[in-house]
There are 2 protein chains.
Amino acid sequence: MDHAIPDIVIGRLPVYLRELERMVRDAGKTTTSSHELAERLGMSSAQIRKDFSHFGEFGKQGTGYHIHYLIDRLTEILNLTHEWPVALVGAGFLGHALASYRGFQRRGFVITCVFDNDPTKIGKTIGDLVVQDAATLETTLPARGIAVAILAVPADAAQETVDRLVAAGVRAILSYAPVSLTVPPGVHVSYSDPVVQLQQMAYYLSPTIP
Amino acid sequence: MDHAIPDIVIGRLPVYLRELERMVRDAGKTTTSSHELAERLGMSSAQIRKDFSHFGEFGKQGTGYHIHYLIDRLTEILNLTHEWPVALVGAGFLGHALASYRGFQRRGFVITCVFDNDPTKIGKTIGDLVVQDAATLETTLPARGIAVAILAVPADAAQETVDRLVAAGVRAILSYAPVSLTVPPGVHVSYSDPVVQLQQMAYYLSPTIP
DNA sequence: TAGATTGTTAATCGATTAACAATC
DNA sequence: TAGATTGTTAATCGATTAACAATC
């Protein structure tokens with residue numbers, strides 16, 4: 001390909017998709033414009049049009065965009081035309097919350113198996129999933145063709161677990177462990193550390209409060 | 001101030017801080033260099049030095065940085081020299097997981113009160129916190145001088161809850177609701193939507209797998 | 001000292017925005 | 001048609017990187 005599409009653009013597509021689906025669900029809208037979408041998302045309309053222009057022409061001058069058509073295009077671009085099976089590693093409090101969250105399935109990801117290495121957790125059920133021994137990760141994941149994993153293990157176990165997930169064929173990892181991870185080229189990691197986010201915002205708070 | 005420090009720089013400071021603390025804890029290191037820190041974080045050493053240079057001179061030519069000194073400077077810059085009390089709104093699965101997470105307190109944030117509007121949840125305890133009626137939010141938060149909130153309510157309730165939090169004096173909100181929120185100037189929102197992160201990574205996965 | 005590393009400058013790279021012809 | 005909005009270009013803005021003098 002001539003030049004790759006910037007990651008920062010790719011990162012906005014799911015936000016566009018989410019907002020468009022909301023516009024259909026809440027307001028029953030069928031068309032929109034870059035201005036309307038931009039206002040709802042707190043960004044510039046030019047940025048939205050520029051982002052879309054990387055992938056083709058999705059709108060019509062004078063009338064804007066058909067929301068359903070736009071949703072279909074974004075769904076295709078993001079490879080969301082089929083469900084992705086997801087492995088969840090870590091069955092603690094956070095693992096339970098994630099396994100119980102209905103939003104994954106609704107938006108294209110199905111948590112298919114749960115692993116932990118704690119003998120007191122192995123064999124227990126979460127919803128309709130049985131917690132498997134993390135030792136079986138290397139055989140289960142390739143057998144099920146799982147490419148996506150969610151990491152909800154303690155920081156100290158994170159890198160080792162990542163290495164094993166990668167060896168098992170996982171190529172996208174959403175990590176909740178508060179630590180920077182190392183992965184080989186071609187494997188993607190996305191981080192979620194609530195404290196990092198809070199600390200960033202704390203910078204902007206007056207130091208004299210409370 | 002002459003020119004504000006870019007938000008993207010502020011966003012990296014907590015990551016530096018986290019890694020430095022890990023270097024002390026795990027390896028007992030006392031000094032480091034921009035090269036070592038950069039390698040551990042998968043970024044360039046020039047970027048780290050440039051980021052630090054916005055705030056002063058923290059290192060010594062030839063020898064690098066004293067980790068403890070650097071940790072103290074970053075802690076000051078980020079307004080983390082005292083603990084921040086945090087309100088948690090939403091006592092579902094995710095709210096429980098967040099309330100049970102020890103990492104908040106350890107890194108400067110203390111969940112001080114929990115709210116929900118579900119009568120079956122109000123009065124129940126999570127750890128040593130009693131779930132309060134969300135209707136009491138407007139009186140409790142100002143009384144306790146709480147400026148930081150974590151939002152773990154359904155998407156449909158999110159904007160209304162944000163409006164009330166802002167009215168109650170909250171100026172930093174970490175939202176787990178899968179929806180874009182609107183806040184007045186001076187209020188900061190940070191988003192965490194795992195599906196958005198997974199969808200972004202799905203772009204890079206071969207569409208033929210599984 | 002010799003080697004190492006910082007802080008900073010200038011160059012490069014990349015992303016955002018403004019503006020507008022095209023056109024529905 | 002007149003009004004609205006797209007897609008795109010060029011300009012602007014901002015962030016990253018390379019390089020190196022300063023200096024520990």
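The figures that follow rest on heavy atoms only: side chains count, while hydrogens, waters and symmetry mates do not. In what follows, chains are A, B, ... by sequence order, proteins preceding strands, each numbered from 1.
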Contacts of [X] that satisfy ring-ring contact (aromatic ring centres under 6.0 Å, His included) - sequence neighbours left out:
{"X": "B/Tyr204", "result": "A/His188"}
{"X": "B/Phe104", "result": "B/Tyr101"}
{"X": "A/Tyr65", "result": "A/Phe52"}

### Task
May I have the step-by-step check of side-chain contact (heavy atoms from CB on, under 4.5 Å) for A/Thr112 and A/Leu88, ending in yes or no?
CA-CA 8 Å; A/Thr112 301; A/Leu88 170 62; over 6 Å; no
## Note on the structure
Under a 4.0 Å heavy-atom criterion, DNA chain D is touched by chain A from D/dA4 to D/dT9
Strictly below 4.0 Å, heavy-atom distances to any atom of DNA chain D: list the hits from [range], or just say none.
{"range": "residues 179-193 of chain B", "answer": "none"}
{"range": "residues 37-51 of chain A", "answer": "A/Arg49, A/Lys50"}
{"range": "residues 59-66 of chain B", "answer": "B/Lys60, B/Gln61, B/Gly62"}

### Query
Who are the side chain to side chain contact (heavy atoms under 4.5 Å, CB included) partners of A/Pro142, not counting sequence neighbours?
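For A/Pro142, the residues satisfying side chain to side chain contact (heavy atoms under 4.5 Å, CB included) (neighbours in sequence not counted) are A/Ala168.
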#### Entry: Carboxylate-amine/guanidinium contact B/Arg12 B/Asp7, below 4.0 Å
no
### Query
Taking 4.0 angstrom as the limit, do B/Arg107 and B/Glu21 come out as a salt bridge?
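Judged by the 4.0 Å cut-off on N to carboxylate O distance, B/Arg107 and B/Glu21 do not form a salt bridge.
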### Message
Both atom distances under 3.5 Å, Watson-Crick or G-U wobble: I'd like the secondary structure of DNA chain D as a dot-bracket string, with | for pairs made across strands.
### Response
..||||||||||||||||||||||
### Query
Does B/His68 NE2 have over 12 foreign heavy atoms under 6.0 Å away?
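At most 12 heavy atoms, drawn from other residues, nucleotides or ligands, come within 6.0 Å of this atom.
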### Query
Has B/Tyr191 got more than 12 heavy atoms of other residues, nucleotides or ligands less than 6.0 Å from its OH?
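Above 12, so yes.
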### Atom pair CG/CZ of A/Leu20 and A/Arg40 - distance to nearest 0.5 Å
9.0 Å
### Query
For residues 65-78 of chain B, which residue pairs qualify under salt bridge (charged side-chain N to carboxylate O under 4.0 Å, His left out), counting only residues two or more places apart or in two chains?
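Salt bridge (charged side-chain N to carboxylate O under 4.0 Å, His left out) check on residues 65-78 of chain B returns B/Arg73-B/Glu76.
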### Query
What residues in residues 24-34 of chain B put a non-hydrogen atom under 4.0 Å from any atom of DNA chain C?
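Going residue by residue through residues 24-34 of chain B, the ones with a heavy atom under 4.0 Å of DNA chain C turn out to be B/Ser33, B/Ser34.
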### Query
What is the nucleic acid contact for B/Phe52, judged by heavy atoms within less than 4.0 Å: base, sugar-phosphate only, or nothing?
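Contact class for B/Phe52: none.
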### Message
Please enumerate all residues that pass salt bridge (Lys or Arg N to Asp or Glu O under 4.0 Å) together with B/Arg22, with sequence neighbours excluded.
### Response
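Testing B/Arg22 for salt bridge (Lys or Arg N to Asp or Glu O under 4.0 Å), a comparison that skips the adjacent residues, returns A/Asp156, B/Asp26.
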### Task
Decide yes or no on side-chain contact (heavy atoms from CB on, under 4.5 Å) for B/Ile173 and B/Val170, but give the supporting numbers first.
CA-CA 7 Å; B/Ile173 299 170; B/Val170 166; 3.6 Å; yes
### Message
Is it true that B/Ser192 and A/Ser192 share a donor-acceptor pair across their side chains at a distance under 3.5 Å?
### Response
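Yes, a side-chain donor-acceptor pair sits under 3.5 Å.
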### Task
Please check if any side-chain donor atom of B/Gln197 sits under 3.5 Å from a side-chain acceptor atom of B/Asp193, or the reverse.
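The criterion, which ignores hydrogens and geometry beyond distance, is not satisfied for B/Asp193 and B/Gln197.
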### Task
Step by step, work out the side-chain contact (heavy atoms from CB on, under 4.5 Å) result for B/Gln199 and A/Arg18.
CA-CA 10 Å; B/Gln199 288 177 338; A/Arg18 186 179 69 182; 5.9 Å; no
### Message
With side chain to side chain donor-acceptor pair (under 3.5 Å) as the test, pick out the partner of A/Ser34 among A/Arg49, A/Glu39, A/Gln47.
### Response
A/Arg49
